[in-house]
Amino acid sequence: MSNLLGQKHILPLCLLLPLLVVIPGLLSGSQPVAWLFATDIGQTVLWQIRLPRVLMAFLVGALLAWAGVLIQGMVRNPLADPGLIGVSGGAAVGAALFVVLVASGLALPGWGQTLLAFGGGVLALLVVLKLGLSGQSLQAMSFLILAGIAVNVLASAVIGLLSYMATNEALRQITFWSLGSLSGADWLWVVTMALALTAGLLFWPRRARRLDALLLGEVEARSVGINVSQLQWQVVLWVALFVSLAVSASGMIGFIGLISPHLARLLTGAAHRRVMPLAVVLGGSLLVAADTLARTLIAPAELPIGIVTTLIGAPLFIALMVREKRRFQW
Amino acid sequence: MVTAAAAPLIEAHGLTVFRNGADILHDVSFTLPAGELVMLVGPNGAGKSTLLNLIAGLALPDRGNIVLQCQATEAFSRADWAARVTLVPQLSSAGFPLTAEEVVELGGLAHSTSVVTLRQQVQQALHDWDIHWLASRDIRRLSGGEQQRCQLARSWVQMQQRDSLLWLLDEPLSALDLRHQQQCMHKARQLTAAGKSVVMVVHDLNLARHFADRVLLLSCGRLVAEGSAEAVLTAEKVSDIFMLDVRLEGNDLRWD
């Protein structure tokens, strides 16, 4: 049994797949296609609303998927997901805190929100890892998930508290984060996240084999010469960076970070030099497709994107759990 | 004229490890010269794997120190240490669908060799360990012995490095069939002939009597005896340590 997709298939697929979802995403909407090109308003909609939104959807999906690949590899748990293990929750607390602080009259710069989200994400991740990162037994795996649940519950309680104290305007924004929405898309976010993605592209490909070694276990990774604690720190910081950007731009969008790495591994095995690019492109494409559905299914109204991804993702997650369960029962 | 005596490969001084208040290694000292096949024997829980991890540089002793080629452990980064000492840990289960070849390739992580050389070494290791026909299989779907051979092949790639000195094996034979056990011993001999050293944990005392240049006998965290196999694995010592009535027949230990 060898992999469905080899190394040589990855690059063409990574170039082709985004086009297949981005173009329909751009053209579909409540108005006919001709309107987009024939009228001035249509042109404005196309270039200032549709294009940044589709690109942002792709980038958010890509960053979440990348965070999912990194975190799953590090904790050697295919069920880990930035949302499930509390990173998104921590980041959302940071983002919500910013909203409340601004509403209470503090003059803070806009990037302060991403910074607070980043801090929240790192903190949540460290707590979860401290509790849940110990060996690879089944117990350790469930401990990680339990720690994630604990952090998530705490995060939603804090967000609840913040919403209780918040003004109307702030409350609206906090709700926006906890449901997830891509309607805040603009070119600034697109450029920011494209920069983060590029930085990741410069950093991670050279470290793909180190991540592979970590899949075998910490002892194995160290015995082939890897500084495991340094690598773990790198993963923690990049995951927090990716997730906090995605969360401050579009709120909590679940399951993309879980299912994209999974799909990629099903298609091409677990080697990170193939999984990383494929999962990133799959994550981006999935979110563009989901967003297109969210905009068109009940047009001119719009479904919250988080609901669409959860409706697709949760059944897949259950299917994965059933598979994992079989694997451990022999 | 006297040729300069080769400096010992490894010197261990008073290694002591505490875990939960008890010392699982107590004041263990020894010297390993280059080019020897050393076997580490002892009952379960004697501290064999702990000692192996210390030599591999994966943990630091609470007391005592290890000197590798006249340099203290602390002088090496993880990558430097791995370039010299290769550890094959006890078999653990893989959770992700890497292929056998991808696992073997990881032995080259500490390499400074070219991609082409590494690829040749990986192919050679796959053939040497008789797993070339499994190269593109998912590691999780392989049998225990096949997985063990993947780990051994990975370490074999790691041992091909210019600086490599020492091959540490934690119960390498337990999952292997007779032919592959012999193959493993043959590989170990190949290394010692090239002036490198091998330390392996084994449970088969007769194997140790037949193959080992030197035996370290551990019991309850203490180094009870050290020396040639004949001197260490006597019927009396083995009976005493393993609490079993053992006698010597010819060159083999026997028990009922």
Side-chain angles (χ1 to χ4, degrees), chain A residues 1-7 69 72-80 135-138 140-141 144 206-231 261-262 264-275 323-324 326-328 330, chain B residues 49 52-53 55-59 76-112 118 134-142 147 150-151 154-155 157-159 161 163-164 167-170:
Chain A
M1 185 208 75
S2 71
N3 296 315
L4 218 53
L5 296 176
Q7 192 76 46
V69 170
Q72 287 174 11
M74 180 173 91
V75 302
R76 287 182 295 283
N77 186 340
L79 298 181
Q136 48 197 142
S137 67
L138 194 56
M141 284 198 182
L144 185 82
R206 280 181 298 147
R207 292 169 171 82
R209 291 206 306 157
R210 294 185 206 171
L211 295 171
D212 289 350
L214 204 51
L215 290 183
L216 293 181
E218 272 178 48
V219 173
E220 282 82 353
R222 297 184 68 201
S223 68
V224 296
I226 291 167
N227 186 337
V228 169
S229 57
Q230 186 190 40
L231 187 61
H262 258 289
R265 279 194 211 98
L266 280 179
L267 291 171
T268 188
H272 280 89
R273 60 174 175 268
R274 297 192 304 274
V275 165
R323 228 174 59 133
E324 285 297 305
R326 273 203 209 111
R327 203 160 71 74
F328 281 108
W330 301 105
Chain B
S49 297
L52 219 53
N53 279 344
I55 304 175
L58 294 185
F76 294 98
S77 73
R78 191 81 279 285
D80 289 341
W81 196 265
R84 289 167 176 77
V85 180
T86 300
L87 172 72
V88 185
Q90 273 179 42
L91 194 56
S92 61
S93 65
F96 282 83
L98 289 172
T99 65
E101 183 171 2
E102 283 160 359
V103 170
V104 174
E105 251 177 43
L106 293 175
L109 262 176
H111 273 249
S112 45
L118 177 61
L134 300 168
S136 63
R137 295 266 196 95
D138 180 345
I139 181 102
R140 300 174 306 173
R141 305 266 181 271
L142 302 183
Q147 288 191 16
C150 287
Q151 301 293 355
R154 169 177 67 69
S155 72
V157 170
Q158 200 175 339
M159 280 304 291
Q161 297 166 97
D163 296 331
S164 76
W167 201 29
L168 300 174
L169 304 149
D170 200 347

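Any value given below was found using the heavy atoms of this structure, including those in side chains, with hydrogens, waters and symmetry copies removed. Within every chain, numbering begins at 1; the chains are lettered A, B, ... in the order of the sequence lines, protein sequences first and strands thereafter.
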What is the minimum heavy-atom distance between I139(B) and F96(B), and which atoms define it?
CG2-O, 3.8 Å
Is the backbone N or O of L214(A) less than 3.5 Å from a side-chain atom of R76(A), with the two atoms forming a donor-acceptor pair by type?
yes
For chain A, find which of G107(B), S155(B), A82(B) contributes the most heavy-atom pairs closer than 4.5 angstrom.
A82(B)
Nearest heavy-atom approach of M159(B) to T86(B) is SD-OG1, 3.4 Å
Between L266(A) and chain B, which part of the residue has a heavy atom less than 4.5 Å away: side chain, backbone, both or neither?
neither
So do L87(B) and N53(B) actually touch side chain to side chain, heavy atoms under 4.5 Å?
yes
Relative to chain B, which of A221(A), G269(A), A271(A) shows the most heavy atom pairs under 4.5 Å?
A271(A)
